[in-house]
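All remarks here apply to the structure that follows.
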There are 2 protein chains.
Amino acid sequence: MVKVKTRHIPIFIELLLLGAKETYIQVSTTSLANKIDKSQQAASRHLLELEDIGYIKRKRSGGKHSIKITEEGNAVIMDLYLLLQRVIEGKKPVFEMNGEVFSGLGEGAYYMSMNGYRRQFVKHIGFDPYPGTLNLKLETSADRQQRRFLDTQSNIHIDGFEDGQRTYGWAKCYLAKINNKLDGAIIILERAHYDHSVIEVIAPINIRERLKLKDGDKLSITVNTMKNQ
Amino acid sequence: MVKVKTRHIPIFIELLLLGAKETYIQVSTTSLANKIDKSQQAASRHLLELEDIGYIKRKRSGGKHSIKITEEGNAVIMDLYLLLQRVIEGKKPVFEMNGEVFSGLGEGAYYMSMNGYRRQFVKHIGFDPYPGTLNLKLETSADRQQRRFLDTQSNIHIDGFEDGQRTYGWAKCYLAKINNKLDGAIIILERAHYDHSVIEVIAPINIRERLKLKDGDKLSITVNTMKNQ
DNA sequence: ATTACTATGTACCGAGTAG
DNA sequence: TCTACTCGGTACATAGTAA
């Protein structure tokens, strides 16, 4: 369902129109009220509510307030937009994220080579991953927003397991295209699923070698979130 | 502003999800209520309201109701969608309409050649139109919806005038591309502006000849509704 | 000028229930 | 079963006003 309260939609739209998507804009409750055709008090309360939930941020300088929509706020409105896109245009939401390659701790190779995971990869995503993950740092808030939105989309679930010594958490995957040509998948591990500024990518081959990547190189990842329709 | 009442948005989305965009679907108020997380009574009332405004149509067969969204209903939700598209993606709404060429009464040539109009065309749309309009019949409801939505968009206004004998109504124009290559404009005349199944196209040249068109041929018209931003 | 409090009104919702 | 009425409660809005 729609995460944003319907009564907040008009004020969200006006804020976006004023450019509050990523920068602070200066607007009075009275002027906002006129735009959404409600009273100043209503606008004021809406802003307080949105601030409370964490969908907008405000800072006062002098008497006036500046307003910016937070990443969470942008995410919920994006959510609504994509839902409408789906029902109106029948389009699959396709996400493109751009990030910078960086070196992790090398633990990806360790996890990817474990049979408990590998078996499931072969079964559910159709390939046996090269032992190692490619780490991408998402630099822009738009990219992190896409990443965050991924969480709301259907995914391929990989169960956790234990080997007597310790337990290994679950993971979830999204099939993806790397630089619009290589097939692979985004993998989100339980232990790190709350970090929206990083994605880990796996593929049947060594992506780093194949694309001759070094740290700091840009890479694009395209995710098709819906399997059909 | 948003023409659809915000409290109706969730039910609109559910109806679209169920495919009520162009066909009747069978759904109970109870099941709709569950989907939008409201009571059966609320769902019932919403449907009555939407029916009242003319955004949905219902027909009862036996005890049950079938629901379809009307063209007006589709237009308002499209409106919201495009507004979101604009504020989120910063995209210009571009409309493509497809229609079939047909012969009118030939009166287009008469109007287009009048100096009272020609002067304004040259000044406001930048060309002296070939004396004659090309009539397009919009066959699908999607196309008619686009046409209807045009009315809500900013346009080039052409004043009416009188020549002592009779008065000539106003017109409005939208710059357009014909088959994605020829420059021209859609012209909507006051006397016919309520007919959403037809559009008239003008251009500096004879479109019919240039594209070797005959009645029944398909033509696409692309309109850029916003001049900038 | 601001924003946001309190008090009062209205619109919207759900419970109960009829047709 | 279904839809949709009445009615009483709640959520949301505005008026008035303080800071």
Side-chain angles (χ1 to χ4, degrees), chain A residues 1-15 18-20 23-70 73 76-77 80, chain B residues 1-15 18-20 23-70 73 76-77 80:
Chain A
M1 257 314 300
V2 192
K3 264 172 267 163
V4 57
K5 302 230 178 202
T6 52
R7 71 171 179 282
H8 291 149
I9 293 175
I11 217 159
F12 247 121
I13 290 176
E14 292 307 326
L15 288 174
L18 293 166
T23 56
Y24 283 94
I25 52 124
Q26 204 173 295
V27 63
S28 72
T29 52
T30 312
S31 111
L32 264 179
N34 289 331
K35 290 175 201 291
I36 64 168
D37 216 43
K38 289 273 151 68
S39 68
Q40 174 272 325
Q41 294 87 335
S44 171
R45 204 170 352 88
H46 284 171
L47 290 176
L48 286 169
E49 288 162 358
L50 287 171
E51 202 174 9
D52 229 44
I53 315 171
Y55 288 174
I56 64 167
K57 244 188 161 169
R58 285 197 284 183
K59 54 179 185 187
R60 36 187 352 145
S61 47
K64 296 187 173 181
H65 274 198
S66 290
I67 309 176
K68 184 180 95 166
I69 302 174
T70 63
V76 292
I77 200 73
L80 173 67
Chain B
M1 257 313 301
V2 191
K3 264 172 267 163
V4 57
K5 302 229 178 204
T6 53
R7 70 171 179 282
H8 292 149
I9 292 175
I11 217 159
F12 246 122
I13 291 175
E14 292 307 327
L15 288 175
L18 293 166
T23 57
Y24 282 94
I25 53 125
Q26 204 173 295
V27 63
S28 72
T29 52
T30 313
S31 112
L32 264 179
N34 289 331
K35 290 177 202 291
I36 64 168
D37 217 44
K38 290 274 150 70
S39 68
Q40 175 270 323
Q41 293 88 335
S44 171
R45 207 167 348 91
H46 285 170
L47 290 177
L48 286 170
E49 289 162 358
L50 287 171
E51 204 174 8
D52 230 45
I53 315 173
Y55 288 175
I56 63 166
K57 243 188 160 168
R58 287 197 285 183
K59 54 179 185 187
R60 33 189 352 146
S61 49
K64 295 186 175 180
H65 275 201
S66 289
I67 309 175
K68 183 179 96 167
I69 302 174
T70 63
V76 292
I77 199 74
L80 173 66

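Below, chain A is the first sequence line, B the second, and so on; all start at residue 1.
- Distance CZ (B/R58) to C1' (D/dC2): 12 Å, rounded to an integer number of Å.
- Taking atom NZ of residue B/K59 and atom C1' of nucleotide D/dT3, one finds them 18 Å apart after rounding to whole Å.
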Before you tell me yes or no, could you show the steps for B/E49 and B/K5 under salt bridge (charged side-chain N to carboxylate O under 4.0 Å, His left out), namely the whole-Å CA-CA distance, both residues' side-chain angles and the distance that decides it to 0.1 Å?
CA-CA 10 Å; B/E49 289 162 358; B/K5 302 229 178 204; over 6 Å; no
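- Ring geometry for A/Y55 versus A/F12: interplanar angle of 30 to 60°, hence tilted.
- Screening B/H46, B/R45, B/Q41, B/Q40 against B/T29 for a side-chain hydrogen bond (donor to acceptor under 3.5 Å, both in side chains) leaves a single residue, B/Q40.
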Check the pair A/R58, A/E51 against salt bridge (charged side-chain N to carboxylate O under 4.0 Å, His left out), reporting the backbone distance first and the verdict last.
CA-CA 7 Å; A/R58 285 197 284 183; A/E51 202 174 9; 3.0 Å; yes
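- A cation-pi arrangement, defined by a distance under 6.0 Å to the six-membered ring centre and an angle within 45 degrees of its axis, is present between A/K59 and A/Y24.
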Let me have a per-nucleotide readout for nucleotides 5-19 of chain D, 5' to 3', with B, S or -, counting only protein heavy atoms under 4.0 Å.
B------SBBBB---
